[in-house]
Every structure is written in structure tokens, then in C-alpha cells.
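Reviewing the structure listed below.
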Amino acid sequence: MSAHDVLVVAEVQRQALADITLELLAAARGVAEAGGGQVICLVLSADGTPFVPALAPADRIVLVNDPQLADYAPDPFVAAAFEVVAAEQPRAVLVAGTSVGWDLAPLLASRLQAPLVTGCKSVTADGPGLVVDVSFCGGKMMAEVAVGQSPAVLMIMPGSYRAATAAGAARVETREPASPLPAGAVRFREWVLPEAGDVDITQQDVLVAVGRGIQQKDNVELAEQLAQALGGAVCASRPAVDQGWLPATRQVGKSGMTVRPKLYLALGVSGAPEHLEGMDGSELIIAVNTDPKAPIFDAAHYGAEVDALDLLPALVEAVGAKKG
Amino acid sequence: MNIMVVVRQVPDLIESLEIDASGSSLDWDAASFIINECDDHALEQALLLKEAAGGTVTVVALDQGDVDNTLYTAAAKGADRIVKIPVDDGWHPSPRAAAALYAEAAKDLAKDLVLVGVQAHDELDGVLAPALAAALALPYVGVIRGVQAGSEPGSVVACKEFPGAVMARLDVRLPAVLGILGADQPPRYVPVSRIRAAMKESRFEEPAVAAAPAASLVSVHKLYPPVSGTRAEMLVGSESDIAGRIAAILAEKGLLK
Amino acid sequence: MEFTRPIMWNVPHWAEITLYAMIPLVMIAFVAATVWRMRKWFIGAAEPGTPSLRQQLLQSLRPRQLWSLVKTALFQSRLTRDTFSLVMHQAIFWGMALLFVGTALATVDQDLTNLLWDWQFLSGRTYLVYEFVLDVFGVVLIVGIAMAAYRRYVLRPRRLQAKRKNISLWDAFPFLSLLLLIAVTGFLVEGLRIAEGLHIESQVAAAPSDGQARLAALERMDVRARLKMGPERQEAQLRRIAEGEAVFPAAAAAPVGKGIAHLLTPLSLDNVRLLHQLSWWVHTLLAFGLIVSIPMTKAFHLISSPANMLLRDAGEPGRLPVVAESGVRTVRDYTWRQLVQVDACTWCGKCQDVCPGYAAGFPLSPRDLVQGLGAQLLRTKPKDRDNTPSLHGPVVTPEELWACCTCRACEDICPVHIQQPRLIIDLRRHLIDGGQVDEGLQDALMNFQRYGNSFGQSPRKRADWMKPLGFKLKDVRKEPAEYLWFVGDYASYDPRAQEVTRAVARVLRHAGVDVGLLMEKEQNSGNDVRRIGEEGLFAMLRDKNGQELANAKDNFRRVLTSDPHTYNTLKNEYRAGGQISEGDAAAEPLAGKPVLHYAELLDELIRGGAIGLARRMDRTVTYHDPCYLGRFNGVYDAPRRILEALGARLVEMPRSRANSYCCGAGGGRVWMKDSPGIAERPAENRIKEALALPGVQCLVVACPKDLIMFQDAVKTVGAEDRLRVVDVGELVLEAMDVPAEAVT
């Protein structure tokens, strides 16, 4: 325990460790190093043991295993986190900007009487305090915010950091909550899952994304052809899913999936911040849109200002020719 | 069920945002305001619950931006009471300070359920929804898309949205505060003629609220427009030229197998 | 010797009495049923801003309106676009009309002049003409019915087939059969009578040639009783026949009757007489049946259609009346004029044939809609105010109502002047009032409210299209100009339409036209908003624009528009003054100032020599008449004159001018999702029409929405290399004797 430690709350989704945890660990390392502190990773779940190997970049891995932490309810999670944070008194608590994070971070901050900053893109140590770069107003404005008080709770936006790879000390501790975790007024009843049997776009190396620019459902077929030729799958922006062109399991973005494929080919996608959040960590982004001012071009590596519908058949042909 | 809804005015992102002379705040005078989208959903959810289970809907807002139009629209949609909290000119309270104001204004209000948008895009120092829950000493859960009356009286069922179209159904014992992302239905349309009628028939309640603004726990050094980083390298030519270039790039990167 | 029309020949006395006894009963039944139906027209609301029914009637009886009524009701001028229908209906109408007149004359002849003064005017040559004309028109009637039957039962066009139960292929069957049987039995009666006459003649000829024997023969055949006239005339007739003259000399002028008579001569005299009496009864009863059935069947249009034509709205088609912002929920919310219209429907289905929505596979049929309303009206009891059910759901569905693009093709082709779009928009107003809106539409309406445009873009950017011009345009709020140029949403914000707006700006600059604009203060004119049914929002937009116009009111003398939708509402609805909503803000600043579309202005400028055209356009083109410029406001020739001046070879589309086929964007449809069940979008249908014209390289348009819809459709159909969609303003710029870049 040290005032220079940085605590990361691991993001566990339905008994699986989410990749964003590794981004948080990278962020934590940057701040902890400056003060000579350690990176502590807090895992709240029914049993966090299977996640330990993946959490190697942390110095300390604190497992709080409790059946009440198997699914989700705010009170047990906040109580368990509060206990550990109150004991460790780190300089910062990093939480993922996810569904759980949006409850946990503010409720924890409230309990700790700690400052809370959302939308963080980067965190740097500044003497005893922290300087945070925050994206707000739908991505149209940045703020440089100074936080003096410790601990500070920071919600990190997905895609702000690359996943940490360098190994840390990775010492594992298992803790029991001091008193039984409160169930609270909000109780978990059940998970509601979308229809099964569809492609998991988060596991694809190649994604062909369709947006409003493909104009109608019939054109998804063209995108499917291209995806097949490239050995990948079709995904969609929110407007395309809202129109019913593809199921919600294919949605990329803030209220859909976060993906990090090797190739993200965005066709007729404008690149609203909510969408970019879900894919801007992709290795190679190629965007096609008739609007030269579309924000997608700021996130993409290559772009073309043509109609996706005109380009698609040519692209299928060119890819076929190149392969064969 | 007596429902309280908080609606906020936020800068309309359609217009370009200006930074004021100090460099550390938005130029509020230059901004045009619009109802916060999540709060619009919160209002819709409240109205749906009222239609299903009866009760009252009270809409509370700070006197900022285009609040009159927003409140009259809420009344036209079916809100029973509209409350406008006076705010000093030029003061844009942070979420934590605003939470104190709302809690103060609503202290005598019967509230079984408080619905607030889970976020607003101009929030910097904290988040309103959970801060309001703390100020009211009520339980909180957020990122909720859809609320229905519970099987037992004094409870509701809220659906919390997770990535990949996964939802968690939660039983919430009232009173509680919910941070709304979306309602069971998109916000309804109310015709201008009904808004005009509400302007004639509805009255604001304007409580005198004296809450000591909470000290800010963070300080904003400066605001700056996002750095675009490197813009995409644009490929030009005919569709077949561009397609050829893309195929070449993919081959180079070893993506064609 | 004078011969006259036989009166009740071979009709026994008791039959005559029965006939005359039945007549008042039939008349009472007819009048009662007619009144019963007509009362239903008045269960509704008053027509806004127009005179009462009585004043309306007086207005309608003025010479010009009367002549229009004569043309449409008597000469069926509304059917000129369909020759088969025109001939068929004229045949049936004039057949029945003349036979009716013939019967009327016969009644006067027998029950007035003969009864009172023992004199008939249907005698001699007059009677010959009478017989001939009636025979001919009897045949005309039968031909008309045969044509109708052929079309209905052999050709079986879509529009004469129905989905709803109360109309079916068979609805016309009883009526047509009745008419046919009446005509046939009429000829039969005539033929049998003439046959009897031939029998009598042959018996007279067979008798010994002295007069007495012959007269005796006539007495034996009981001929005297059949001559229902005064005793002297009877004697005269008997003598004439005894002398060997024909019993019915006028039969010579009745070819059909005579033909039938010759066919029936093998029958004995007694049988002929029996059959004659039977036929006479059948004919009489059928005729009474027809009269009684008129108010109870489709035949009621004989009364309701002319009534509707008489009472129609003679105002601008582009001006939509408003009774209540909350629209129509039950039949009682319609006005008397609308209810007369609904009852005037002849079930012809021509509206369905021309409806782009119907052709695209949308759930809309204007005919089914009107029929549904008509059926509901029939079910409504005038006194039963509290139990009138809502039309929404059982009679009309939201999908049906939202599918309308308000192009008014249906209204334009309706032979009896029904205004289907107005009926639909009133129902839409109710949906809007209840917040029941298509999602895409909701976004557009919210954008109109917040930003004054449907694109959801900042109003501050409304004048950004001017930036690439290289020269400044006046702000009409600050400086006076000849023209106030009201650009419109699409022409201001859509990138493709902006090209056209700039082209027009360059042409006007070169021609030295003095224009000024309202710049960012211009808001959507509201034409489509009104047609969506959001009347409150329309009033709001109109008031906002009105205030800006008022600020600039001394600074302009004429108004120029880029969009036919804007043109329509500024011209017809801004100056009408507020009907429901407060504020005539827009009326005063526009008073007395002409509103033009740029096609009209460019035409003026070219003809006046202000624009010099250097290049002749060596192209074959076709032109699409925009709904709101053409069908709504009658501007057809100005764009065509421009094309002629440009030297283009114009090939007309099969559906041009008033028959122009809507691109499908109107009535708010451009913002709505595709309707369920869509087969082919209207714009694609239109592009295929253009592509089928030999040698046509360009489709010329004069509306920004047409430009966008057709450019998209050309892509969808895959014809970009075959057909260029171009605006008439762009063509003028291309042809000008000064290159575009040189215009500064």
C-alpha cells in the first residue's frame, strides 16, 4: 500500500475478463511508474483465479471472490471495491467506461468523497496530483483537467490505450470481504441474451462495416461477398441496425461491441464518436464515404471519397484478382 | 407511482462550440441549447410508466437555455407538474452542485422513482444521476434501457444494457434513482398545437432554492478542440483504381490469404 | 291521314290503373331514400372560410360555373383522357337520358294533351322522328352497356376489382343488368306491338275488300279498345286501317322494333298480345325498380356526382383548407363538401390507376379509401351523435395514410371532382395530434421545429451554398432588391441541389437580375409540413417566415423560388391569411407581389433577350413536370420554352403535363421509411419510363427533390451511363454565351 499506487478495477463481463482491463493496466502503469508506485488490479467476481494469467502486467492482483459478485448488482460491487480502496488508499482508481463502470465509478467516488472524472483519454502524474485529458461534448471538445485530491476515480474510455504487455510482479492475493456484502435495493434477476447462432464480431480479424451509406438492406449482400472474400464478417453501425439491416449482435460502437480487428473496412459509415469508440483501436482502418468531412476519415488510415455502393463490386473483383 | 424526472439543457452539438476568453470554459453565451438526449428518454420512460401504472410525473429543470420550451413540451406530452429552478445568471453548475440544487428543490416532492439521463455530454466534474442519488440518499443503478412496473407494488424491473445487445434484468425496490440510457420506446412526438396549448394552460412552479454550491473537486486548466491526429491518406481515381490500390495495401499487410 | 303515338296499346284498363297507382308510391320511395342519403351529407362540419351552402349554390349557378358543370356532367369532359370510357359512358348516359326524355314526352302526350284536349303532339312527322331517335338511342344504350360489360368482365382491369367486401365485380352487375333488361324489354314491347300491328294488317287484307267487312274484322280483333283517344279520332284511325294503311305507320322509322316484329310474326295474334302484356309489365316493373334503386346503389351517383360538381371548391388546388388542427377522427369531422364528395364516387377506380403509391405496392388505394369512407357514411345515423365510431383502425390505417405523396393525380383524374388528398390529410392531422408518426418523419418534424430545416443542420449554415460563388448576394433585410429569392431547404442544404442553386445564381447574376435573400433567417416554408398534417408546426414556420418577410417587406417587389413546394405554399397559402392559427404575419408583406419559380423567370429572361444563349444543346431530352409546379399550379410551358430556346429536342414522356408521375418524395414521404410491401419505387418507375423513350439522353427536372430522387433511382436501376438527370437551370448556364467561371 502506497500513496503512489494505482488501482485498476478489472472489467469482468459474465464470468469473462474483458480486454479493456489490459488497457487500464497500461494506463495505470504510466501513472504508477512516475511515483514509484505499484499497479494493483482488483478483480471482483465469483472466482477470479482463471483470470490471473492474463493479468500478468499488474504488480498485485487482488481477488475478491464472492457468490454475490457472480452476476451484477451495484451494491455488492461498490461495497467490495470500497473496502479494498479504502484500505489501499491509491492515488487513483481506474475504472473502465462500461456499463458496470458507469455505476461503480460514481458510486465509489461518492462513498470515498473522491473526485470523479469521466471520458478520460489519458492520465499523467503531475507531482502529487494528476492531469487528465478528457473528451466531452460528443468528442467535439477536449478538456485538460487537474485533479489534486487522492484517491481520484477516473473512468477511462475504451480504445484510449493499447493493451499492456510488459509483465509486472503479478503477486496474487485473495481477500474475503470484512462483512457480508450488502444485497441492496437493486437485485439481479436474469441475463437476457440476444438470439444465439450468430457470428461473434469481436473475434474476427477482418470486419466489413456498413453504415447508412449503403442505403438499403439489399446492399448488405454485396458487403457479405466482400467479407467472405477477405475471410471476415459484416458488422454495422447503429443506424444500420436500427433500420433492421443487420441484427444487434453485429453492432459496433458505444452501445454495441468494441472490436479490434486487423482490418476494419468502413463503408458508408460517417464515424460518429459513439461508433469510433467501438472500433478506433483497429489495426488498419479503411473508410469509404461520399462526404469528405465525415469524421471517420480522422480515425482511418486510408480513405476514399466515393460511393461505397459503386466501390463494392470493384473491390470484390480487385481482391479476387489479387488473391488468385 | 410518483415519478420525478430531471431534464437538462446541453449545448447543441450541431453548432460549433466556442471556448470563452478564459480558455477554461465553454462560451455559454454563444451556445444554443437543446434537451439532453438521455433526459428526453427518461421523460418518455416516466410517461410510459404513468400510462401503465398510474401516478404523477413531475419534471424538474434548471432555468437555463431553452428550458421553457422543454418544460412546456413535457407538459404537452403528459407531465403533471413542471418545475423550473432559478439559477444565477451565467452560472453553469457542475453535476455535483446541480445535484444539491435538485435535491433541495424536490425535498417536499413525493418521489417513488427518480429518472435522470445516465449522462450528459457537457459533464466534466462528476455525473449527475448518481450524484443526485447520493444527495437524496437513494439507491442507484444506471445505463438503463427500459423500466416496467414490478410484480410487487413498490418495485420496478429495470433492464441494464451491456455490450453486444446483452441486458441484465434487475429488480429495483423503490424509492430509487435510475440513470436512463433509453426508454421502452423512442421519445414520442407531440404536435406543436399541443405545445402551444400547454403554453397557455400550464404554469411553472419556481421554488426558491438556496443551496450552497459544493466546492469543485477538480479544476479545468483549459479546453481545446480535439487534435485530429493524422487524417486518412485519401485514395483518388476511379472506383477500379481505388479498388486496386486497396487490394494492393491489403496484400502488402498480408491480409489476403 | 294523321297517325299518332299509340297510347297504352294492348294494356288492359286495370293495368293502367295499377300503373298510375304505383307511380306515387315509387316517387315517394325514391324521394324518401334520396333524402335519407342526402341528409348524411350535412352531419359534418362547416367549410372553413367559405360561404354557407346557400351562398355556395348561388355562386355555382353563375354562367362560368354552370358551363363547367354542363361540360363535366353532361358531356363528361373529365373523361377525355380515356377514350373507351368516354364513349362507353356517353353511350349509356345519353341512351338513358334520351329514353327518359322520350318517356317524359310520352307521358305529357298521353296524360296531358290527350287526356285534356284529345290531341297528341307526337303525331305525323314529329312522331316519326321520335320513334327513330328512340330506337337509335336504345341501341346506343345497349352498345354502351355491352362496352361496359366487356371491359368489366372480359378485360378485367385492376381498378374495377376490389378488395373490400362492399364493392366487388358484381356491384355494377345488378345495375348494368337492370339497364340492359330495361332496354331489351323496351325493344321487345315495341317489337311485339308492331308484330300485333302486322297481324292486324294481314287479317284486314284477308278480309273481303269492302269497308264494312274490314271494319267488322277490326271490331272482331277488338282494335277500337286499343285506340285510347276521343271517339272521332278513333273512327278516323279505324277507317284508315280498314283502307289498308299500316296500323303503326311510324314503325317504318323504328328499325329495331320492326326487325323484332318480323322475327316474331310466326306467333299467333293472341300469343303476341299475351307476350306483349307480359313484356310491358316486366319493363314497367324494372323501370320502377330502377328508380327506387337509384338512391340505394351505385346509381346514386346520378344525383351525388352532379351535386358534387355543382358544389365543388373552385379555389386554388394548391391551397389546403383547415377545419380543425386536430383533424378528422370520425365522419362527423369532415365538412359537408367532403361528405358530398365521398358519396359522389362512381367506383370507377381511375384514381387507383394513377396513384404512384398504389403502383409501388404501398397499402394505399384512393378508391378503396373513398369507398371505405362512403360505406361508413352510409352506416352513420345523423341523429346518433355520441356513437360515431373512429375511422382510424376499422376504416383507415396509418400505413395507408402515410403512403400518400399528395401528388393530386387522383384528384385531377377523378371524373366527379373528389379531393382524395384533402380527405387523407385531414385524417393525417388526427394521427399527428395523437403523436402517431413514422419515425423518420418524427426526426424531420423535430428538425423543422428546432432548426427550421429537415436536415438537422445549423440554420447558420443555410446560406453556405453561396460560398463557392465568388460574388456576394444581397441580404434583402438590409438592402432593397427586385426579387426576394426564397431558396428552400433542399436547394440550400443538399450538396447536389446546391449545384443547381449556384447555377441559377450565376445565370441571374449574368442576366443582371436584382435578387436578395433572407439568408439564415429563411426557414422551411412549411408546404410539406402542412401536407404531413402538422398544422401547428406549419403555422409556426409560416409565422416565423412571416416576421422576416415583414422586416423586409419594403425591400422587394416579386418573389422567386427554387422549389415548387415552396412556390406552391408561398403563392397559395401564405397570402390566404391564417384560418385557424393566429397571425397573418405572412399575408401582408406578400400582398400583391407575384411569386415565380425560376423556370418562369428564366423563360422571361430568355424571351426578353437578357440571357444570350451561345451553344445549341444538341441533345434529345425529356422533361418531368414537377407535381407542385405543373399539376398544382399549371406551369407547363415555361420550362418547355426554355428547352426549345436551348435547341434541345424534346420528347414528351407518355405521362406528361397534368398526367405527370410523381417522384414519390411529396407529402413527407421523402423522410419516411419505405412502406411495407414495396414493389418498385415511384422514381424508379418514372426512370424506366424515360429510358423507354428512344434516343433520350437527358431527363430534365425543375425541382430539387426530383433531382435527388431521380439521380438515386438512375443509380439503383443501373442506368447512369444512359440517362443524365439535369436541372433546367443548369442547362441554361451551360448554354450561356458566357462561361460559368466568368460570372462574377
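Predicted model, so just to flag it, every value in this text is computed and none were measured. First the proteins, then the strands, lettered A, B, ... as listed; each starts at 1.
- Proximity to chain B (any heavy atom under 4.5 Å) is shown, for Arg111(A), by neither the backbone nor the side chain.
- For Ile286(A), the part lying under 4.5 angstrom from a heavy atom of chain B is the side chain only.
- A donor-acceptor pair shorter than 3.5 Å cannot be found between the side chains of Tyr140(B) and Asp75(A).
- Comparing Val172(B), Val141(B), Leu138(B), Val127(B) by heavy-atom pairs within less than 4.5 Å of chain A, the highest count is held by Val141(B).
- Proximity to chain B (any heavy atom under 4.5 Å) is shown, for Gln251(A), by neither the backbone nor the side chain.
- Around atom CD of Glu317(A), no more than 12 heavy atoms belonging to other residues, nucleotides or ligands sit under 6.0 Å away.
- Met141(A) pairs with exactly one of Leu13(B), Asp122(B), Leu26(B) by the side chain to side chain contact (heavy atoms under 4.5 Å, CB included) rule, that one being Leu26(B).
- Residue Val306(A) touches chain B through its side chain alone, counting heavy-atom pairs closer than 4.5 Å.
- Within a 6.0 Å radius of NZ in Lys262(A), no more than 12 heavy atoms belonging to other residues, nucleotides or ligands are found.
- Between atom CZ of residue Phe136(A) and atom CD of residue Glu123(B) there is a gap of 11.0 Å, rounded to the nearest 0.5 Å.
- Within the 4.5 Å cutoff, the side chain of Glu144(A) has heavy atoms near those of the Tyr224(B) side chain.
- Interface check for chain A: of the options Ser219(B), Gly142(B), Pro130(B), the most heavy-atom pairs under 4.5 Å are formed by Ser219(B).
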For Val145(A) and Asp125(B), what are the C-alpha separation, side-chain angles and deciding distance, and is it a side chain to side chain contact (heavy atoms under 4.5 Å, CB included)? CA-CA 9 Å; Val145(A) 176; Asp125(B) 177 15; over 6 Å; no
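- When Val252(A), Asp133(A), Ile201(A), Val241(A) are compared by the number of non-hydrogen pairs under 4.5 Å with chain B, Asp133(A) comes out ahead.
- Looking at Ile285(A), neither its backbone nor its side chain comes within 4.5 Å of chain B, counting heavy atoms on both sides.
- For chain A, the nearby parts of Ala168(B) are the backbone and the side chain; heavy atoms of each come within less than 4.5 Å.
- The number of heavy-atom neighbours closer than 6.0 Å to CG of Asn2(B), taken from other residues, nucleotides and ligands shown, is above 12.
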Evaluate salt bridge (charged side-chain N to carboxylate O under 4.0 Å, His left out) for Arg189(A) paired with Asp171(B), printing each intermediate quantity in order. CA-CA 6 Å; Arg189(A) 189 198 272 200; Asp171(B) 286 314; 3.0 Å; yes
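- Side chain of Ser99(A) to main chain of Glu161(B): a donor-acceptor pair is present (N/O by atom type, distance under 3.5 Å, no hydrogens or angles).
- Options Gln119(B), Arg173(B), Arg169(B) differ in how many heavy-atom pairs under 4.5 Å they form with chain A, and the most are formed by Arg169(B).
- Between Cys137(A) and Leu17(B), the shortest heavy-atom contact is CB-CD1, 3.5 Å.
- Within a 6.0 Å sphere centred on CD of Glu37(B), heavy atoms belonging to other residues, nucleotides or ligands number 12 at most.
- Per-residue heavy-atom pair counts under 4.5 Å with chain A were compared for Val220(B), Leu223(B), Leu181(B), and the maximum is reached by Leu223(B).
- Heavy-atom distances place no part of Ala109(A) under 4.5 Å from chain B, backbone and side chain included.
- With a threshold of 4.5 angstrom between heavy atoms, Ala18(A) does not approach chain B through any atom at all.
- In this structure, chain A has a heavy atom under 4.5 Å from the side chain of Pro139(B), while its backbone stays farther away.
- Contacts of Val117(A) with chain B are made by both backbone and side-chain atoms, with heavy-atom separations under 4.5 Å.
- For chain B, the nearby part of Gln113(A) is the backbone; its heavy atoms alone come within less than 4.5 Å.
- Heavy atoms of Val156(B) lying under 4.5 Å from chain A are absent altogether.
- If you measure heavy-atom distances from Leu250(B) to chain A, the contacts under 4.5 Å come from the side chain alone.
- No more than 12 heavy-atom neighbours from other residues, nucleotides or ligands sit within 6.0 angstrom of CD on Gln228(A).
- Contact of Ile249(B) with chain A is made through the side chain alone, with heavy-atom distances under 4.5 Å.
- Here Leu124(B) is the residue among Leu256(B), Ile19(B), Val218(B), Leu124(B) with the most heavy-atom pairs under 4.5 Å with chain A.
- When side chains are defined from C-beta on, Leu230(A) does not count as touching Leu255(B), because their heavy atoms never get closer than 4.5 Å.
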